Asks: 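Right, I'll just put the structure down here and ask away after.
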Amino acid sequence: MRILLVAGEASGDAHGADLVSALKAQQPQLDIFGVGGPALREAGMQTLVDSAAIAGMGLFEAADKLTALLRTYRALTQILRRHPPDLLLLIDFPEFNLRLAKVAKHVNVPVFYYISPQVWAWRRKRVYTIAKWVDLLAAVFPFEPSFYSAHGCSVEFVGHPLVGRVRPTRSRDDTLRLYHLNPAQKTIVLLPGSRTQEVRYLLPPLLHATTALGERYQFILAVASTLDRDQIETTVRAHSAAIRVVQGDTYNITHAADLAVVASGTATLEVALLERPMVIVYRLAPVTYALARLFVRVPFIGMPNLIAERQIVPELIQSAVTPERIATEAQRLLTDAQAYSVAQDGLREVRVRLGEPGAAKRTADLIFNLLAQR
């Protein structure tokens, strides 16, 4: 069987790789091809287009990707029409993927959506598009099935794929020793995002917040695999030589830290699963943010707070992302034992709500069941 898979961003690449591995464990001869990154290639998918070529952030920040997006869309629609696969497997990336789903349905190719679009957060009318063009939706957040099913979507909750993946591989003491950090001193990990645009907006206030917090704390910055470590380290060194900069060891670093200051997004879930209290920061280009506010309909921007259905960790949005506010919220959690404990309890609750490990295997089973019905 042939499966056309489209994962347009780094997080989709990682989740897709686990799913491809689970699919091939049951049917090794599956021909899986499409749009993805290094993790999907390693899992055995043939990537026709690298996801890095089309991934973007925000309305204006993605403009430079438009030509690549259009070229990719034309190539994939030709495949669907001329050599239809047995399944179109979509992972997140809704603006692109929902258009592709419409084409697939017109040529009688079933559509499976994994890591469902967050239409419950903004532009909710897209849920009717999903109900029309998607055969089955695999939901990863506990509040999603009721929302989607109420709008006519066929949906199953599979749990979040990060639950089975996010874990440290060494002890806290070993990690602190590895990076020459003092175990008697409280450690703050900085996670400024996985996209260049995020880092551009968030890194300066994060660095200045370390100055405001002072020498009583020690800092380590985790660079996402999608970013240029040397470039970020140059920026950090210009501010302070005391901040460690590390790439490729985020889970261990976060596990060893006492607190995280983290860009809103998938990283907040990873920090939550490691049960580390955090300060969530979120900042976009002013025009992009102003437009987004017209559509967003959720009480929080941080996934841990949305899953808990209350604020368990502080959020700083747009103009509130200042060194002073970051330092104030971080210090409050690190000096108030009760506030820290309440945050940790809330994060443990989030972990339970995200389901048991094995999301990829459960999703693979759903895909094979869908194919068997044809």
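We use all heavy atoms of the structure for the numbers below, so side chains are in, but hydrogens, waters and symmetry mates are not. Here, residue 1 is the first one in the sequence, and each next residue gets the next number. The structure presented is a predicted model; accordingly, all values stated were derived computationally and were not measured.
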Asks: Of all residues at least two apart in sequence or in a different chain, which pass the side chain to side chain donor-acceptor pair (under 3.5 Å) check with Arg348?
Replies: Glu275, Asp345
Asks: Answer yes or no: is there a side-chain heavy-atom contact under 4.5 Å between Ile220 and Tyr179?
Replies: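 They are in side-chain contact.
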Asks: Enter the distance from Arg2:CZ to Leu88:CG here, rounded to the nearest 0.5 Å.
Replies: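 Arg2 atom CZ to Leu88 atom CG measures 11.5 Å (nearest 0.5 Å).
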Asks: Applying side chain to side chain donor-acceptor pair (under 3.5 Å), name anything that partners Glu144, two or more places apart in sequence or on another chain.
Replies: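 Glu144 satisfies side chain to side chain donor-acceptor pair (under 3.5 Å) with Ser116, Trp120 only.
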Asks: So, do Phe96 and Leu90 sit near enough that their side-chain heavy atoms are less than 4.5 Å apart?
Replies: no
Asks: Using a 6.0 Å cut-off, check whether atom OH of Tyr128 has over 12 heavy atoms from anything other than its own residue.
Replies: no
Asks: So do the side chains of Leu136 and Pro110 get within less than 4.5 Å of each other, counting heavy atoms only?
Replies: no
Asks: Taking side chain to side chain donor-acceptor pair (under 3.5 Å) as the test, write out the residues that go with Ser319, two or more places apart.
Replies: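 Result, side chain to side chain donor-acceptor pair (under 3.5 Å) vs Ser319: none returned.
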Asks: Indicate every side-chain donor-acceptor pair of residues 30-49 with a distance under 3.5 Å to a residue at least two apart or in another chain.
Replies:
| from | atom 1 | to | atom 2 | distance (Å) |
| --- | --- | --- | --- | --- |
| Arg41 | NH1 | Thr47 | OG1 | 3.2 |
| Arg41 | NH1 | Asp50 | OD2 | 3.0 |
| Arg41 | NH2 | Asp50 | OD2 | 3.0 |

Asks: How about Leu334 and Tyr340: do any of their side-chain heavy atoms sit closer than 4.5 Å?
Replies: yes
Asks: Heavy-atom distance under 4.5 Å between the side chains of Phe157 and Val155, does that happen here?
Replies: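 No, too far: nothing below the 4.5 Å cut-off.
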Asks: What residues, two or more places apart in sequence or in another chain, satisfy side chain to side chain donor-acceptor pair (under 3.5 Å) together with Gln26?
Replies: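 Partners of Gln26 by the side chain to side chain donor-acceptor pair (under 3.5 Å) criterion, ordered by chain and then number, come out as Asp365.
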Asks: Could you report the tightest heavy-atom contact between Pro357 and Gly164, atom names first, then the distance?
Replies: CB-CA, 3.9 Å
Asks: Count I, L, V, M, F, W, Y as connected when their side-chain heavy atoms are under 4.5 Å apart, and connections chain through other members. Are Val342 and Val350 then in the same cluster?
Replies: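 Val342 does not cluster with Val350.
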Asks: Tell me which one of Arg172, Arg170, Arg177 satisfies salt bridge (Lys or Arg N to Asp or Glu O under 4.0 Å) with Asp174.
Replies: Arg177
Asks: For Thr210 and His239, run side chain to side chain contact (heavy atoms under 4.5 Å, CB included): C-alpha distance rounded to whole Å, both residues' side-chain angles, the deciding distance at 0.1 Å, then the answer.
Replies: CA-CA 10 Å; Thr210 65; His239 180 85; 3.7 Å; yes
Asks: Within the 3.5 Å criterion, strictly below it, is a donor on Arg244 or His180 matched to an acceptor on the partner's side chain?
Replies: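 No, because no side-chain N or O of Arg244 sits under 3.5 Å from a partner of the opposite role on His180.
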Asks: We want to know whether Asp135 and Ser154 form a side-chain donor-acceptor pair, criterion being a heavy-atom distance below 3.5 angstrom.
Replies: no
Asks: Look at atom CD of Glu356 and say whether more than 12 heavy atoms of other residues, nucleotides or ligands are closer to it than 6.0 Å.
Replies: no
Asks: Could you list the donor-acceptor pairs under 3.5 angstrom formed by side chains in residues 266-273, with sequence neighbours left out?
Replies:
| from | atom 1 | to | atom 2 | distance (Å) |
| --- | --- | --- | --- | --- |
| Thr268 | OG1 | Gly265 | O | 2.6 |
| Glu270 | OE2 | Tyr251 | OH | 2.8 |

Asks: State, yes or no, whether a side-chain contact exists between Lys105 and Lys132 at a heavy-atom distance under 4.5 Å.
Replies: no
Asks: Verify the cluster assignment for Trp133 and Ile367: are they in a single hydrophobic cluster under the rule of side-chain heavy atoms below 4.5 Å apart?
Replies: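 Each belongs to a different hydrophobic cluster.
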Asks: Quick one: sort the Phe141 and His160 rings into parallel, tilted or perpendicular, breaks at 30° and 60°.
Replies: tilted
Asks: When rounded to the nearest 0.5 angstrom, what is the spacing between OH in Tyr217 and CG in Asp258?
Replies: 9.5 Å
Asks: May I ask you to test the Pro168-Asn252 pair for a side-chain heavy-atom distance under 4.5 Å?
Replies: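 They are in side-chain contact.
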Asks: Are side-chain N/O atoms of Glu315 and Asn305 paired as donor and acceptor at under 3.5 Å?
Replies: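 On atom types as modelled, these side chains qualify, holding a pair under 3.5 Å.
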